[in-house]
Amino acid sequence: MQKIADKYKKSIAQIILRWLLQRNIVCISKSVRIEYLKENFNVFDFELSSEDMNLISTLDTKKSCFFSHYDSKIIEWLCSMK
């Protein structure tokens, strides 16, 4: 991701936001720091190449680093939280 960010002279966060936008995925970024808010808006002045879009897509291993979204016990635990 850093190589792609360097290529476009953007942050990794901006690359991720742009990747989502180009896939027509609605993204709601959150920040309380003004510099990050400004950075989040500066994703409309460039477009990722199809090669970079495909490269980023290969990073998805379809496995959560935190927990399995398919584990019924985890789902029950999440639903029980109030």
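Heavy atoms only: backbone and side chains are in, while hydrogens, waters and symmetry mates are out. Just so we're clear, the structure is a prediction, and the values are computed from it rather than from any experiment.
Atoms NZ and OG, from K38 and S31 in turn, are 12.0 Å apart once rounded to the nearest 0.5 Å. Note: N40 CG to R33 CZ = 12.0 Å, rounded to the nearest 0.5 Å. Atom CH2 of W19 is separated from atom SG of C27 by 11.0 Å, given to the nearest 0.5 angstrom. Once rounded to the nearest 0.5 Å, the distance linking CG of D6 with CE of M1 reads 11.5 Å. Atom CG of L55 sits about 9.5 Å away from atom NZ of K3, to the nearest 0.5 Å.
Taken together through direct or relayed side-chain contacts under 4.5 Å among Ile, Leu, Val, Met, Phe, Trp and Tyr, I28 and I25 form parts of separate hydrophobic clusters. Residues I12 and I4 fall within the same hydrophobic cluster, defined by Ile, Leu, Val, Met, Phe, Trp and Tyr side chains chained together at heavy-atom separations under 4.5 Å. No path of Ile, Leu, Val, Met, Phe, Trp and Tyr side chains, each step under 4.5 Å between heavy atoms, connects V26 with L17, placing them in separate hydrophobic clusters. Residues F66 and W77 share a single hydrophobic cluster, defined by chaining ILVMFWY side chains whose heavy atoms lie under 4.5 Å apart. Both I16 and F44 are members of a single hydrophobic cluster when ILVMFWY side chains are connected at heavy-atom separations under 4.5 Å.
When every heavy atom of A5 is checked against every heavy atom of S11, the shortest pair comes out as CB-C, 3.9 Å. The minimum heavy-atom distance linking F46 with I15 is given by the pair CE1-CD1, 3.9 Å.
A donor atom on one side chain and an acceptor atom on the other are not found under 3.5 Å apart for Q14 and R18.
Other residues, nucleotides and ligands contribute at most 12 non-hydrogen atoms within 6.0 Å of the OH atom of Y36.
In terms of the salt bridge (Lys or Arg N to Asp or Glu O under 4.0 Å) criterion, E76 has no residue partners (sequence neighbours excluded).
Within the structure, salt bridge (Lys or Arg N to Asp or Glu O under 4.0 Å) pairs that include any residue of residues 42-54 comprise K7-D52, K10-D45 (at least two apart or interchain).
Through chains of ILVMFWY side-chain contacts below 4.5 Å, L37 is grouped with I34.
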